[in-house]
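Report on the following structure.
Numbers restart at 1 for each chain; the letters A, B, ... are given by sequence-line order, proteins then strands. For the numbers below, each heavy atom of this structure counts, side chains included, while hydrogens, waters and symmetry mates do not.
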Amino acid sequence: MLSFSPIFYPSEANPYMTWQPNKLEQERLDKLRQIESMGVEAFPARVKRTHTAAQALAAYAVWEAAHPDADKSGDDPALGVTVTVCGRVRRQNIKGKVSFLHIEDESGRIQLFMRVNDMDEAAYNLVREKLVELDDFVQATGTIMRTQAGEISVRVREFKLLAKALSPLPVIKQQKQDDGTVIEFGEFTDVETRYRQRYADLAVNREVRDVFKQRALIIRTMREFFDNEGFLEVETPILQPIYGGAAARPFVTHHNQLHQDLYLRISFELYLKRLLVGGYDAVYEIGRDFRNEGVSFKHNTEFTMLEFYKAYIDYEGVMDLVERMVRTIVQRATGGTVIEYQGQTLDFGAPWQRLTIREAIKQNAEIDYMDHPTAESLEAAMRKIGLQFAPNQTWGKLVEHLLGETVEKKLIQPTFILDYPRDISPFAKRVGYDNQHVERFEIYMAGMEMGNAFTELNDPRDQEARFIDMAQLYRADEDDATPTDEDYLRAMRFGMPPCGGFGMGVDRLVMLVTNQRSIRDVLLYPHLREEQR
RNA sequence: GGAUCCCUAGCUCAAUUGGCAGAGCAGCUGACUCUUAAUCAGCAUGUUGUGGGUUCGAGUCCCACGGGAUUCACCA
């Protein structure tokens with residue numbers, strides 16, 4: 001027979017509860033005890049909502065327009081719109097025998113106008129004696145009316161506590177201006193607490209809630225775009241026996257029963273391209289990648305990636321798709337094609353600039369790296385313009401470093417940088433014009449790398465050669481190591497159609513569209529160090 | 001991993017050369033039947049991130065640790 005733990009008041013000495021209520025919390029616990037001793041349920045199971053706050057306001061607007069001369073005092077409960085609304089108490093103004101509460105649900109706020117003679121006195125006294133207070137959830141039924149000040153309110157006739165808040169949220173007061181804008185007084189700004197206790201951040205900061213609504217809209221639009229283009233959405237393994245498709249250190253885990261080490265994926269690339277061998281023309285996946293690397297304002301250990309692969313196009317075709325996709329998203333999310341990001345203006349309407357990496361570096365660093373065909377020679381040229389870099393890097397890594405140091409920050413407008421060195425691009429097809437470059441591009445916006453794409457390598461002999469080259473160039477424990485994936489080669493030997501592919505950091509796009517400076521502000525639960533007590 | 005800065009009441013912030021830890025909000029007591037940052041009268045609020053040290057005396061100076069921010073390194 002099971003025995004269940006009793007419900008108790010945390011103020012009592014209890015060996016099982018670690019919570020130490022502070023003074024304000026102790027006040028609330030005392031109120032909870034008082035409420036329950038009166039026979040009032042503090043956490044009832046039954047709730048009945050007929051209208052959200054926004055629906056109630058809208059319903060009243062319709063009624064008012066149809067009855068311009070009707071009494072708006074709400075004195076006659078049969079006249080007008082009767083609603084039951086629910087929400088969290090965000091403002092209280094108790095004036096003796098009459099009280100005003102603002103309650104908030106996801107749709108917005110609505111005022112409750114409570115008079116002791118309109119309702120059961122015991123219910124009214126819950127408010128008057130502040131047994132129901134800020135942050136509690138309540139339900140109210142009544143007729144919608146306008147106060148003498150003109151605010152649309154529910155004239156409450158029935159009132160019920162839905163859930164008691166035992167800890168107070170940070171206090172923020174609002175003042176609504178005549179033009180509809182809202183000024184906030186008091187803030188909840190401590191970033192650590194906001195990230196660690198995102199629920200409190202969301203409960204208190206509407207603009208934070210809005211960011212994540214925008215995020216959902218962006219991802220929904222992305223899905224619709226690819227669905228409309230005839231792509232198939234797929235899901236591929238997160239736990240992979242061999243990681244690949246990107247240069248990054250993976251997380252390792254272990255399957256006990258199979259005695260098998262597994263990696264959390266660092267990209268979806270190789271699994272998606274196998275599907276083109278299987279006969280799909282175009283596939284995409286939106287999902288989580290994991291990289292065992294440092295965090296920064298634009299890096300989180302787990303992040304959301306979009307990848308797509310489409311047969312019978314090359315990287316030119318990919319550029320066209322990407323440009324249309326991003327423009328569609330920006331238009332849907334912002335209503336236009338121009339966005340303000342941290343003081344910069346980005347135009348997504350105009351055709352994006354396309355520039356080879358060689359040309360970009362030539363313009364900004366005055367180095368033509370093709371004049372320096374060896375790592376030693378290129379190192380010397382870079383040292384001459386004052387650049388610092390890690391020793392013993394490959395030629396391609398140096399070129400990439402050169403781009404990052406001299407060009408990246410200047411690429412504010414959306415820009416395609418084309419034709420990367422081969423030795424850092426093991427899955428891209430060589431360009432026609434030489435043996436050093438491959439058909440690959442990255443996109444840059446606001447000085448940040450946003451995405452990466454290739455004309456995909458589909459010759460299994462060349463692919464195998466690349467794996468061999470990578471094994472020679474990079475040690476297995478280096479970030480850039482690309483382990484040979486025999487099964488991927490086996491798939492390619494069955495024939496892979498010529499195709500183009502693309503990957504993009506979705507979080508970074510969300511940062512741009514929502515004008516957030518840090519990736520942590522577009523992730524509900526950003527990765528933080530473990531909390532120490 | 002390095003450098004710099006930050007951590008004071010539930011929230012936002014003060015505290016002079018090292019000299020009695022304070023204010024607004026919310027909280028508590030009371031008043032108030034149309035308020036809206038409600039108002040008015042009164043009350044209370046602390047292990048100054050943690051642990052050491054210097055000093056007659058530390059929120060303030062020094063050391064270590066914890067957490068965070070920025071930045072560099074790293075990062076297709």
Please work out if Arg28(A) contacts a base, only the sugar-phosphate, or nothing of the nucleic acid, heavy-atom cut-off 4.0 Å.
nothing
Heavy-atom side-chain proximity of Leu411(A) to Gln353(A) below 4.5 angstrom:
no
Proximal nucleotide (of A76(B), U33(B), U36(B)) relative to the Lys97(A) side chain:
U33(B)
Could you check whether any side-chain N or O of Arg209(A) sits under 3.5 Å from a backbone N or O of Leu202(A), counting only pairs where one atom can act as donor and the other as acceptor?
yes
With a 4.0 Å limit, can you tell me whether Arg291(A) has a side-chain N or O closer than that to the phosphate oxygens OP1/OP2 of C74(B)?
no
Which of the following nucleotides, C28(B), U33(B), U70(B), is nearest to the side chain of Glu27(A)?
C28(B)
Under 4.0 Å from OP1 or OP2 of C28(B): is there any side-chain N or O of Lys130(A) that close?
yes
Take the angle between the ring planes of Tyr315(A) and Phe441(A) and call it parallel below 30°, perpendicular above 60°, tilted in between.
tilted
Counting any heavy atom closer than 4.0 Å, what does Tyr420(A) reach on the DNA or RNA strands: base, sugar-phosphate only, or nothing?
nothing
Gly245(A) or Val295(A), whichever maps to the more 5' nucleotide of RNA chain B
Val295(A)
Just to confirm, is there a sub-4.0 Å distance from OP1 or OP2 of C28(B) to any side-chain nitrogen or oxygen of Lys31(A)?
yes
Asn205(A) side chain to Glu207(A) backbone, donor-acceptor under 3.5 Å
no
Name the closest nucleotide to the His401(A) side chain, picking from A69(B), C74(B), U33(B).
C74(B)
Any base atoms under 4.0 Å from Pro426(A), or only sugar-phosphate, or nothing? Heavy atoms, all strands.
base
Expected output check: what is the dot-bracket annotation of RNA chain B, where ( ) and [ ] are pairs inside the strand (brackets for crossing ones), | is paired with another strand, and pairs are Watson-Crick or G-U under 3.5 Å?
(((((((..((((.....[..)))).(((((.......))))).....(((((..]....))))))))))))....
Would you indicate, yes or no, if U12(B) has its OP1 or OP2 atom less than 4.0 angstrom from a side-chain nitrogen or oxygen of Thr189(A)?
yes
Counting heavy atoms from C-beta on, name the nucleotide in U36(B), A76(B), A37(B) closest to the side chain of Ala149(A).
U36(B)
Name the nucleic acid region contacted by Val171(A), choosing base, sugar-phosphate or nothing; use a 4.0 angstrom heavy-atom cut-off, strictly under.
base
If only side-chain N and O atoms of Arg529(A) are considered, is one of them under 4.0 Å from the OP1 or OP2 phosphate oxygen of G68(B)?
yes
Touch class at under 4.0 angstrom, heavy-atom based, for Asp190(A) against every strand present
sugar-phosphate
At 4.0 Å (heavy atoms only), tell me whether Asn22(A) reaches a base, stays on the sugar-phosphate, or touches nothing.
sugar-phosphate
Less than 4.5 Å apart, any side-chain heavy atom of Lys130(A) and any of Gln92(A)?
yes
Whole-angstrom distance between G53(B) and G67(B), as gauged at atom C1':
23 Å
In whole angstrom, give me the gap between the C1' atoms of C20(B) and G46(B).
15 Å
Residue-phosphate contact under 4.0 Å: Lys176(A) side-chain N/O, A37(B) OP1/OP2:
no
Establish, with yes or no, whether the OP1 or OP2 oxygen of A26(B) is under 4.0 angstrom from a side-chain nitrogen or oxygen of Lys173(A).
yes
How close do Val81(A) and Tyr60(A) get, counting heavy atoms only, and between which atoms?
CG2-CA, 4.2 Å
Between U60(B) and A21(B), how far apart are the C1' atoms? Round to whole Å, please.
12 Å
What integer distance in Å separates Phe185(A):CZ from A26(B):P?
12 Å
Using a 4.0 Å heavy-atom cut-off, does Thr482(A) contact any base of the nucleic acid, only the sugar-phosphate backbone, or nothing at all?
base
The test is side-chain hydrogen bond (donor to acceptor under 3.5 Å, both in side chains); show your working for Asn117(A) and Tyr124(A) and say whether it passes.
CA-CA 9 Å; Asn117(A) 8 10; Tyr124(A) 181 77; over 6 Å; no
Could you work out which one of C28(B), U33(B), C34(B) sits closest to the side chain of Asn117(A)?
U33(B)
When you get a sec, tell me which of C34(B), A73(B), C32(B) is the closest nucleotide to the side chain of Glu405(A)?
A73(B)
Could you tell me how far apart Asp136(A) (CG) and A26(B) (P) are, to the nearest whole angstrom?
16 Å
Tell me: CD1 of Ile144(A) to P of C34(B), nearest whole Å?
22 Å
Start with the C-alpha gap between Tyr271(A) and Glu269(A), add the side-chain angles, then the distance that decides, and say whether side-chain hydrogen bond (donor to acceptor under 3.5 Å, both in side chains) holds.
CA-CA 6 Å; Tyr271(A) 280 91; Glu269(A) 172 155 357; over 6 Å; no
How would you label the contact of Lys95(A) with the nucleic acid (heavy atoms, under 4.0 Å): base, sugar-phosphate, or nothing?
base
With a distance cut-off below 6.0 Å to the six-membered ring centre and an angular limit of 45° from the axis, does Arg155(A) pair with Phe113(A) as a cation-pi contact?
no
What contact category does Ala247(A) fall into here, base, sugar-phosphate, or nothing, at under 4.0 angstrom with non-hydrogen atoms?
base
Which heavy-atom pair separates Leu402(A) from Met382(A) by the least distance, and what is that distance?
CD1-CG, 3.8 Å
N/O (side chain, Gln92(A)) to phosphate O (OP1/OP2, G27(B)) under 4.0 Å:
yes
Between C34(B), U12(B), G27(B), which nucleotide gets closest to the side-chain atoms of Phe100(A)?
C34(B)
Closest to the Leu134(A) side chain, choosing from A26(B), A76(B), G67(B):
A26(B)
Under 4.0 Å between any heavy atoms, over every strand shown, what does Glu449(A) touch: base, sugar-phosphate, or nothing? Just pick one.
sugar-phosphate
Please classify the nucleic acid contact of Gln111(A) as base, sugar-phosphate, or nothing, using heavy-atom distances under 4.0 Å.
base
Using the P atom on both, measure A58(B) against C13(B) and round to a whole Å.
28 Å
Does G68(B) have OP1 or OP2 under 4.0 Å away from a side-chain N or O of Arg196(A)?
yes
Closest nucleotide among C32(B), U12(B), A69(B) to the Glu187(A) side chain
U12(B)
Note: for Met145(A) and Glu133(A) on RNA chain B, the residue whose nearest nucleotide lies more 5' is Glu133(A)
Looking only at side-chain atoms of Lys409(A), point me to the closest of C72(B), U36(B), C34(B).
C72(B)
